[in-house]
Amino acid sequence: MSRKPDLQLPLIAKIAIVATFFNSWVLFEETIVDRFGLWQYLPYYRFGLFCAWDVAALLLIILGVWFAFRGRWLQQQGLAAESKETHCFLKLRQCVFCR
């Protein structure tokens with residue numbers, strides 16, 4: 001199987017990806033959590049305000065985007081090992097993130 005070319009995105013595109021996923025989280029929060037009253041069962045949740053759940057979602061989104069592009073950055077810097085299996089925590093032969 002031939003390798004696909006590495007996708008190199010500029011910083012503005014990565015910021016747009018994070019903003020899109022965070023917007024999806026806010027939409028889920030407003031339409032599901034707030035509307036059906038699930039916020040009563042979530043500790044540290046503040047109805048209609050920026051709260052610990054929003055911070056946690058934002059951190060997970062940022063880490064997910066960073067992790068998705070981490071392998072490509074390591075390859076660009078020459079820090080990646082020759083074997084894909086050494087820096088892939090999934091230990092897969094054809095990892096989605098290590099292509």
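- Here Leu11 sits in one hydrophobic cluster together with Ile15; the rule is ILVMFWY side chains under 4.5 Å apart, joined directly or through other members.
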Atom pairs and distances, side-chain donor-acceptor, residues 18-28, under 3.5 Å, sequence neighbours left out:
residue	atom	partner	partner atom	Å
Thr20	OG1	Ala16	O	2.8
Ser24	OG	Thr20	O	3.1
Trp25	NE1	Asp54	OD1	2.9

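- For the pairing with Leu58, the side chain to side chain contact (heavy atoms under 4.5 Å, CB included) check across Val55, Leu60, Ile62 returns one residue only, Ile62.
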I'd like to know whether Leu9 forms a side chain to side chain contact (heavy atoms under 4.5 Å, CB included) with Ile17, so could you lay out the CA-CA distance, the side-chain angles of the two residues, the decisive distance to 0.1 Å, and finally the verdict.
CA-CA 10 Å; Leu9 294 177; Ile17 292 169; 3.9 Å; yes
Considering only distance and modelled atom types, tabulate donor-acceptor pairs under 3.5 Å from the side chains of residues 32-46, sequence neighbours left out.
residue	atom	partner	partner atom	Å
Asp34	OD1	Tyr45	OH	2.5
Tyr45	OH	Glu29	OE2	3.3

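- Cluster note: Leu63 groups with no other residue, as no ILVMFWY side-chain heavy atom lies under 4.5 Å from it.
- Looking at residues two or more places apart in sequence or on another chain, you find no side chain to side chain contact (heavy atoms under 4.5 Å, CB included) involving Ala56.
- Surrounding CG of Leu49 are more than 12 heavy atoms belonging to other residues, nucleotides or ligands, all under 6.0 Å away.
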